[in-house]
Amino acid sequence: MSAHIRPDLDAIPAYVAGRNQPGVVKLASNETTFPPLPSVAKAIAEAAELVNRYPDNSAIELRTAIAEFHGVEVANVAAGCGSVAICQELVQITCLAPTDEVLFAWRSFEAYPIVAQVAGAKAVQVSLDGEYAHDLDALAAAVTPNTRVVIVCNPNNPTGTALGAAAITRFLDAVPTDVLVVLDEAYYEYMRLDDHPNGVELGRDRPNVLVLRTFSKAYGLAGLRVGYAVGDPRVITALMKVHIPFSVNRVAQAAAIASLEARHELLERTDAVVAERDRMRDALLAAGYLVPVSSSNFVWLPLGARSAEYGAASAEAGVLIRPYGADGVRVTAGDPHENDLFLSFATAPETLARFLG
């Protein structure tokens, strides 16, 4: 007799991370290729000497630094083991019944349906528009009396598309105030829109808006797993009730604080990533690919049913990219020589004949 396991877990897919393969270029996980700054590495080393002690469970020093950065109170900030952990906690604090709905665009971050189903809630997907971006009108129209959370990934992962402040504001005004709207801004630092949306600012006078940010992308701390939320104190208090104790470890807290202190130097690096992203897109467009405008650190190729085959062919050519079912493939902007290797494969006559011919 084996232990009883929830039978509905059989229908929940496990989160699939980008593959690693020795000797192969990895452009599958949206990591930054830049190493930690010396000041951040020093903070990591010093914190590592104290790992025999528990971290601050409330992450007060880190939350204080984040609050000062955004001009909010500490009570407006929660920290978590990556922003995805906070996303799951948000579903836990808002959804209780199987009829409670978590609404999001699709295709978007693949963790959204997982965290909804793990919490026993109903995942509701709304198709992206023809430009591979959020259809905010359709998303607002899909809200029902059972909707508890609406998640907007901006820029969107994996398509890279982003919406401006005016469009987001109209959407927020259209959503009932008793529905929590989560603006997932994991790739915020890579946006270069004229109408640049800042979820923290948009949410200042909206208690039902919460913003997720992360240190995994532009700040280069993917291996330490630390993210945060900015929102109404009532929501933050609830988050801290379901927070797994000590899940933001001591080293992660120290590294995140040091990264905020060095943010100007770190965020200058995003210009190089954006330049490579745009260079990749230009080359792919010139070769005949359809590539949506990206506001993230990756590009999206909507290759449909050929996506898995394309991903396998790229791996054979020495570059790991990320296929997404029958929708497309995502390619992270890495170092120039890594991007060149992918472009050599992508624009080769045999590749174009095989996949675009």
Heavy-atom check, side chain of Asn249 versus side chain of Val51, under 4.5 Å: no

Thr33 and Glu338 side chains, donor-acceptor separation under 3.5 Å: no

Residue that, paired with Leu212, satisfies side-chain contact (heavy atoms from CB on, under 4.5 Å) out of Val182, Leu183, Val230: Val182

Pair Thr270-Arg192, side-chain donor/acceptor within less than 3.5 Å: yes

Side chain to side chain, Leu103 and Val149, heavy atoms closer than 4.5 Å: no

Minimum side-chain heavy-atom gap Asp100-Leu96 below 4.5 Å: yes

Nearest-0.5 Å distance that lies between atom OG1 in Thr161 and atom CG in Asp129: 7.5 Å

Asp8/Arg6 ion pair, N-O < 4.0 Å: yes

Ring-ring centroid check Phe355 Tyr289, cutoff 6.0 Å: no

Modelled atom types, side-chain donor and acceptor of Asn30 and Thr332, under 3.5 Å: yes

Validation row, ring centre His337 to ring centre Phe342 under 6.0 Å: no

Distance (rounded to the nearest 0.5 Å) between Asn208 CG and Asp178 CG: 8.0 Å

Distance flag, aromatic centroids of Tyr228 and Phe69, threshold under 6.0 Å: no

Glu73, CD: over 12 other non-hydrogen atoms inside 6.0 angstrom: no

Aromatic ring pairing Trp106/Phe104, orientation class (parallel under 30°, perpendicular over 60°, tilted between): perpendicular

Donor + acceptor pair across side chains of Asn146, Thr99 (<3.5 Å): no

Salt-bridge present (Lys217, Glu31; N to O < 4.0 Å): no

Arg277 and Asn297, any side-chain heavy atoms less than 4.5 Å apart: no

Flag side-chain contact, heavy atom, 4.5 Å: Leu128 against Asn156: yes

Residues that, via side-chain heavy atoms closer than 4.5 angstrom, fall in one hydrophobic cluster with Val273: Phe34, Tyr187, Tyr190, Val274, Phe298

Qualifying residues under salt bridge (charged side-chain N to carboxylate O under 4.0 Å, His left out), relative to Arg206, sequence neighbours excluded: Asp173

Modelled atom types, side-chain donor and acceptor of Tyr324 and Arg330, under 3.5 Å: yes

